[in-house]
Amino acid sequence: MSSKAQRQPAAITLLVVAVLATWMALAAFPFLWTLWGSFKVEGDFFSKADWFNALTGTLTVAETGGRFTGNGYYGAWVQEEFWRAALNSLIVCFFVVTISLTLGTLGGYALARSTYRYAFWFLLAALIFRAMPPITLVSGYLPVFFQWNLWGHTATTIIVLVAINQPFTLWMLHSFFKNIPAELDESAMVDGCTRFQAFRNVIIPVMWPGVITTGLFSFLLAYNDFAVTAMLLSKENQTMIPKVASFLGTTQTKGNVMFAVASVVSVTAPLFLMIMFFQRQIVGGLTAGAVKG
Amino acid sequence: MTLCITCQRLGDREVKHKSFFWFVLPSALAMMLFIFFPIISVIVQSLHVEHEQVIRKVESCDLFGCKESTTIDQEATAALRAAEPLGQFAGFKTYLDRNHLATKEVGTTWKNTSSWRDFGAQMLNLPFYKAIGFTLTFTFVVTPLVIIVGFVIAVAVNSAVRQLRGPLIFFSLLPMMITPLVGALILFWMVDARGIIGATLQHLAGDPELSVKASTPLMWIMLMVYGVWHAAPFAFIVYYAGLQTVNKETLEAARVDGANRWLQIRHVVIPHLLPLTTFIALMQLMDNFRVFEPIVSFAANAHATSLSWAIYNDLGGETRQLSSAAATSVLTIIGVAILLSPVLVRTWRDFDRK
């Protein structure tokens, strides 16, 4: 590769460097900027005088004595009880991921091994369902959920998110199972296993890479969701994203927008770690559907 | 013995109907209950409106004679609403009212305006047309831009030194993996008149009053910039993976034939990546059509709304306007169906040929 790079004319190398530098600035800078700013006071992060104050922290020094302050984090996590929302998010994400994967592996496996026409129709229906904006479905849930007193509970939201997740999970696991040779489970069945036993004893041990990747995306969907969680959860069961949105309504007037900034950084941190540890799986997952489809 | 095993093998190549059914049942049930039925529920709800309040006539007599007055019978209203929670059947009334298709208003506007431009401007004052106008513009501007930007980044990363690629991909993934609401907030705060980008823009334009929040065109541009920023990494990753599988020999042959770098990209790389482009375009059309969170984050609803936002707005707030939200939802679903139809027809034909 380095030999190829040396053969490149200088102008092209320069262009490549320029494109990459610009893109890196666009992709990474907003996050670094917000992380840095979350340790300042509002007067610095949103500086009327000069945005340069956000770097030097003039007002932060004047108001708190130090160059950095944890006031935003204290306000969000302790005063406004963001920890409760974090806990709720953890519960919702855990159950959505486990249930999605359980249902998805069963369905995905059967779809991958069947060539009947109805399997195709099933996948096509899933694709159509994948295209439905979640908020349109929410307006279908609300009248029924109010009627039957299902509204506001964490369990309801978990099941709804699992269902909204299913089309994607099925497609992804279906394409992963297609890559596991069918001879494997067939030979198990020749040895007298039933279809389910073959699945349990032969397929489950080798399916983990695909399941982990799909699990990451299920997690992201549950974690990032705003439309469903904002509309279906009562205040005490709220997850992090609707909580961040509620900070905008209540605290911007009080001048405590820094609570929102601190909570935004808190929401980003786990995603950052996730990309760091699972970069290869995420890239693999994004391309799995495309390269084969 | 051997024969028997062969028979069994042949029989087992397919998942039997019965086991297929049991394997698929849980996810089919989940999708049936929480995706298919809600769609039906939305359609039914959109054809009904809430019961009007029950009015009771009360006759009160005094020295000067009897008077008839009307009061709202709260109890009877509540009872009626509890007995028939759907409300009363209204047909397509909700669809045609001012907040949706607004047939009457469109008719008058059509008669009273002389030019197309004027007509368009008037239409954008109607909530539904304002929402669909922005949604469609967003979808059809952001989707091609995402494809182009993603491709450029993929080509650039692909010609970077191998050691750099890991970190490059890591940082590229950030804008895509970030929660849309949160990502949009991060940009919004920077664009704020008191934020770093907003202040720089004011400085560049030489206008200290310049504010993205106050200007409709700037707000539209900002939302679309966010859309591209958020989705370009997806196109990049898919293209980057595609570039790894470009046939080296074909490239070499093109080089030997004297094709320069651009011609190689034009005639070898782009055709190779074409199927991926269809995939990205399909995913992006679906995702961009539901644009929603950035409008909440940017508090942009004075300048730009989307179909999803309109539904959210009806559902939230003090009075939940379920019927209005349902009608917008049905119209949105029709929009999604139109958007998807070419893909579905093609997939179906491909399968039929097999």
Side-chain angles (χ1 to χ4, degrees), chain A residues 1 5 16 19-20 23-24 26-28 30-31 34 46-48 51 103-104 106-107 109-110 113-114 120 124 129 131-133 135-137 139-144 147 160 162-163 166 170 186 189-190 195 224 226-227 231 241 244-245 264 267-268 271 275 279 282-283 286-287 290-291 293, chain B residues 5 8-9 12 14-15 19-20 23-24 26-27 30-31 34-35 38-39 41-42 45 85 152-153 156 159-160 162 170-175 177-179 181-182 185-187 190 192 194-196 199 237-238 241 276 279 286 290 292-293 308 311-312 315 322 325-326 329 332-333 336 340 351:
Chain A
M1 208 59 225
V16 166
V19 167
L20 289 179
W23 170 242
M24 277 303 103
L26 288 173
F31 296 99
T34 311
F46 296 100
S47 181
K48 280 196 187 90
W51 64 261
L103 304 191
L106 289 172
Y109 170 71
R113 289 292 183 266
S114 173
F120 166 79
L124 200 65
F129 288 158
M132 292 299 144
I135 192 85
T136 59
L137 301 176
S139 70
Y141 302 142
L142 281 182
V144 186
Q147 186 77 20
V160 164
V162 165
Q166 270 310 293
L170 280 177
E186 273 162 25
M189 290 172 74
V190 170
R195 180 56 81 172
N224 286 347
F226 174 64
M231 300 303 323
I241 308 304
V244 171
V264 155
V267 170
T268 313
L271 291 174
I275 306 177
Q279 181 172 337
I282 294 169
V283 172
L286 284 174
T287 51
V291 176
Chain B
I5 289 171
Q8 205 180 349
R9 280 189 68 103
D12 287 339
E14 276 291 338
V15 178
S19 35
F20 179 86
F23 269 94
V24 168
S27 41
M31 290 197 288
F34 292 98
I35 304 182
I39 295 177
S41 149
V42 156
Q45 182 73 54
V152 169
I153 300 170
S159 48
R162 199 162 278 274
F170 172 77
F171 285 109
S172 302
L173 284 173
L174 281 174
M177 305 307 254
I178 189 75
T179 314
L181 186 97
V182 165
L185 271 177
I186 289 178
L187 287 198
M190 294 173 77
D192 188 279
R194 299 166 297 159
I196 176 168
I237 296 292
V238 174
L276 298 184
F279 167 73
M286 290 199 284
R290 58 171 78 150
F292 165 50
E293 283 100 335
S308 292
I311 300 168
Y312 170 79
L315 290 176
L322 297 175
S329 298
T332 308
I333 291 172
V336 170
L340 268 187
F351 183 80

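Per chain, numbering begins at 1; letters A, B, ... match sequence-line order.
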- Message: Can you confirm whether A:Phe31 sits close enough to B:Phe171 that some side-chain heavy atom of one is under 4.5 Å from a side-chain heavy atom of the other?
- Response: no
- Item | Structural part of A:Met132 lying under 4.5 Å from a heavy atom of chain B | both
- Query: How close do A:Pro133 and B:Ser308 get, heavy atom to heavy atom, and via which atoms?
  - Reply: CB-OG, 4.1 Å
- Task: Provide the closest heavy-atom pair for A:Leu137 versus B:Pro38 in the form atom of the first, atom of the second, distance.
- Result: O-CB, 4.0 Å
- Most contacts with chain A, counted as non-hydrogen pairs under 4.5 angstrom, among B:Ile196, B:Leu340, B:Ile35: B:Ile196
- Query: Looking at B:Met177 and A:Leu271, what are the two nearest heavy atoms and their distance?
  - Reply: O-CD1, 3.6 Å
- Please look at A:Ile241 and chain B and tell me whether the side chain, the backbone, both or neither of the residue comes under 4.5 angstrom of a heavy atom of that chain. both
- With only heavy atoms counted, which part of B:Leu181 is less than 4.5 Å from chain A, the side chain, the backbone, both or neither? side chain
- Message: Would you call the rings of B:Phe34 and A:Tyr141 parallel, tilted or perpendicular, taking 30° and 60° as the class edges?
- Response: perpendicular
- Message: Test side-chain contact (heavy atoms from CB on, under 4.5 Å) on B:Phe23 and A:Arg113; report intermediate values, then the result.
- Response: CA-CA 11 Å; B:Phe23 269 94; A:Arg113 289 292 183 266; over 6 Å; no
- Note on the structure: Given B:Met190, B:Gln45, B:Glu293, the one with more heavy-atom pairs under 4.5 angstrom with chain A than any other is B:Met190
- Among B:Val182, B:Val42, B:Leu315, the residue with the most heavy-atom pairs under 4.5 Å to chain A is B:Leu315
- Distance-minimising heavy-atom pair for B:Ser27 and A:Gln166: CB-OE1, 2.9 Å
- Residue A:Val264 versus chain B: region with a heavy atom under 4.5 Å: both
- Message: How close do A:Leu286 and B:Phe279 get, counting heavy atoms only, and between which atoms?
- Response: O-CE2, 4.4 Å
- Task: Among B:Leu173, B:Leu187, B:Asp192, single out the residue with the greatest number of heavy-atom pairs under 4.5 Å to chain A.
- Result: B:Leu173
- Message: Looking at every non-hydrogen atom in both residues, tell me the closest pair between B:Ala156 and A:Val16 and how far apart they are.
- Response: O-CG1, 3.6 Å
- Query: If you measure only the distance, is there a donor-acceptor pair under 3.5 Å linking the side chains of B:Thr332 and A:Thr136?
  - Reply: no
- Query: Which bit of B:Leu322 is near chain A, if near means a heavy-atom gap under 4.5 Å: side chain, backbone, both or neither?
  - Reply: side chain
- Message: With heavy-atom distances below 4.5 Å as the criterion, would you say the side chains of A:Ile135 and B:Arg290 are in contact?
- Response: no
- Honestly, the part of A:Val283 sitting under 4.5 Å from a heavy atom of chain B is both
